[in-house]
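Start at 1 with the first residue, then count along the sequence. Only heavy atoms go into these numbers, but all of them, side chains included; no hydrogens, no water, no symmetry mates.
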Amino acid sequence: MTDIVYVLNGPNLNLLGLREPDIYGSDTLDDIAGMLEDRARELGLEIDLRQSNHEGHLVDWLHEAQAEGAKAVLLNAAGFTHTSVAIHDAIKAITVPVIEVHLSNPHRREAFRHVSLVGQAAKGTIAGFGALSYTLALEAAARF
């Protein structure tokens with residue numbers, strides 16, 4: 001096991017800072033990466049942050065995290081959270097702990113967002129704290 005934490009981000013998260021800032025905040029994914037890198041250094045961890053709009057990339061990266069012996073995965077699967085059996089199964093297929101991360105609180109939003117296939121397979125979920133959700137998830141991952 002290494003001290004690398006994968007931070008995987010799903011569809012439309014490349015638009016953070018522009019897309020519905022009243023829901024997702026004004027921080028960009030680069031802003032979040034900077035915050036995580038700073039905190040990771042303090043915790044003696046390394047961050048590998050990636051984003052894709054393609055479900056298969058997220059599945060491949062979960063497999064890679066396992067193969068590389070990552071300490072943990074922070075996963076914001078975005079819209080795939082509620083629809084992807086493939087991501088659910090990929091999480092179940094690996095032993096690396098996966099923490100589901102959300103900027104908003106899905107339970108305070110549309111009913112279709114209340115069910116999380118990712119959350120059903122993940123070790124835990126942190127949601128509703130904006131960009132801070134990622135930092136809180138990293139703090140949890142540091143304790144594994």
Side-chain angles (χ1 to χ4, degrees), residues 1-17 19-20 23-25 27-144:
M1 184 173 297
T2 65
D3 291 332
I4 295 175
V5 175
Y6 280 55
V7 182
L8 305 181
N9 295 279
N12 301 308
L13 292 173
N14 55 307
L15 299 177
L16 284 180
R19 177 183 174 228
E20 299 178 277
I23 295 173
Y24 300 109
D27 290 308
T28 66
L29 199 54
D30 285 341
D31 295 335
I32 292 168
M35 292 175 2
L36 285 175
E37 288 168 0
D38 290 345
R39 185 62 185 129
R41 259 190 307 279
E42 294 168 358
L43 294 168
L45 300 171
E46 183 181 334
I47 295 297
D48 185 340
L49 187 140
R50 304 172 186 192
Q51 185 277 329
S52 179
N53 293 320
H54 305 282
E55 181 179 32
H57 291 161
L58 296 170
V59 170
D60 289 343
W61 293 338
L62 287 163
H63 296 174
E64 181 182 321
Q66 174 74 22
E68 295 296 319
K71 183 173 186 68
V73 174
L74 311 185
L75 174 60
N76 184 343
F80 292 137
T81 296
H82 321 288
T83 63
S84 181
V85 173
I87 293 173
H88 172 275
D89 289 351
I91 295 167
K92 300 271 291 186
I94 64 174
T95 59
V96 175
V98 175
I99 301 172
E100 178 185 35
V101 177
H102 294 288
L103 295 159
S104 67
N105 180 349
H107 297 289
R108 296 191 66 195
R109 299 187 57 201
E110 303 93 338
F112 72 87
R113 297 185 194 275
H114 297 180
V115 175
S116 171
L117 299 180
V118 168
Q120 291 172 19
K123 182 165 184 68
T125 300
I126 299 178
F129 297 100
L132 180 60
S133 292
Y134 285 89
T135 304
L136 294 171
L138 183 63
E139 297 279 345
R143 297 173 185 253
F144 297 147

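Although no hydrogens or angles enter the test, the distance criterion places no donor-acceptor pair under 3.5 Å between the side chain of Ser84 and the main chain of Thr81. Without hydrogens or angle criteria, Asn9 side chain to Arg50 main chain gives a donor-acceptor distance under 3.5 Å. In this structure a side-chain-to-backbone donor-acceptor pair under 3.5 Å is missing from His82 to Ser116. Panel note: side chain Asp60, backbone His57; no donor-acceptor pair is recorded below 3.5 Å. Proximity of a side-chain donor or acceptor of Gln66 to a complementary backbone N or O of Val96 within less than 3.5 Å is detected.
Of all non-hydrogen atoms in Gly128 and Ser133, the two that sit nearest each other are N-OG, 3.7 Å. Taking each heavy atom of Ala142 and Lys71 in turn, the nearest pair found is O-CE, 3.6 Å. Minimum interatomic distance between Ala90 and Leu62 (heavy atoms only, all atoms of both residues): CB-CD1, 3.8 Å. Scanning both residues, Gly10 and Leu58, for their nearest heavy atoms gives CA-CD1, 3.9 Å. Across all non-hydrogen atoms, the minimal contact from Phe144 to Lys123 is CE2-CE, 3.3 Å. Nearest heavy-atom pair, Asn105 versus Ala127, reported as atom, atom and distance to 0.1 Å: CA-CB, 4.5 Å.
For the pair Leu43 and Leu138, the minimum side-chain heavy-atom distance is below 4.5 Å. At least one side-chain heavy atom of Val118 sits less than 4.5 Å from a side-chain heavy atom of Glu100. Between Leu75 and Trp61 the shortest side-chain heavy-atom distance does not fall below 4.5 Å. Contact check for Ile126 versus His102: no side-chain heavy atoms found under the 4.5 Å cut-off. Phe129 places none of its side-chain heavy atoms less than 4.5 Å from the side chain of Leu103. Side-chain contact between Thr135 and Ile32 is absent, with no heavy atoms from C-beta onward closer than 4.5 Å. Residues Leu117 and Ile87 are not in side-chain contact: their nearest non-hydrogen atoms beyond the backbone lie 4.5 Å or more apart. In this structure, the side chains of Glu46 and Val5 stay at 4.5 Å or more apart for every pair of heavy atoms.
The distance from the CG atom of Leu15 to the CG atom of Asn53 is 7.5 Å, given to the nearest 0.5 Å. Taking CG of Asp3 as the reference point, atom CD1 of Ile47 lies at 11.0 Å (rounded to 0.5 Å).
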Note to self: Applying side-chain contact (heavy atoms from CB on, under 4.5 Å) to Asn76 and Gln51, what does each step give before you reach the verdict?
What the structure shows: CA-CA 9 Å; Asn76 184 343; Gln51 185 277 329; over 6 Å; no
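Looking only at atom types and distance, the side chain of Glu68 has no donor-acceptor partner in the side chain of Tyr6 under 3.5 Å away.
Glu139 has a carboxylate O that lies under 4.0 Å from a charged side-chain N of Arg39, or vice versa, which qualifies the two as a salt bridge.
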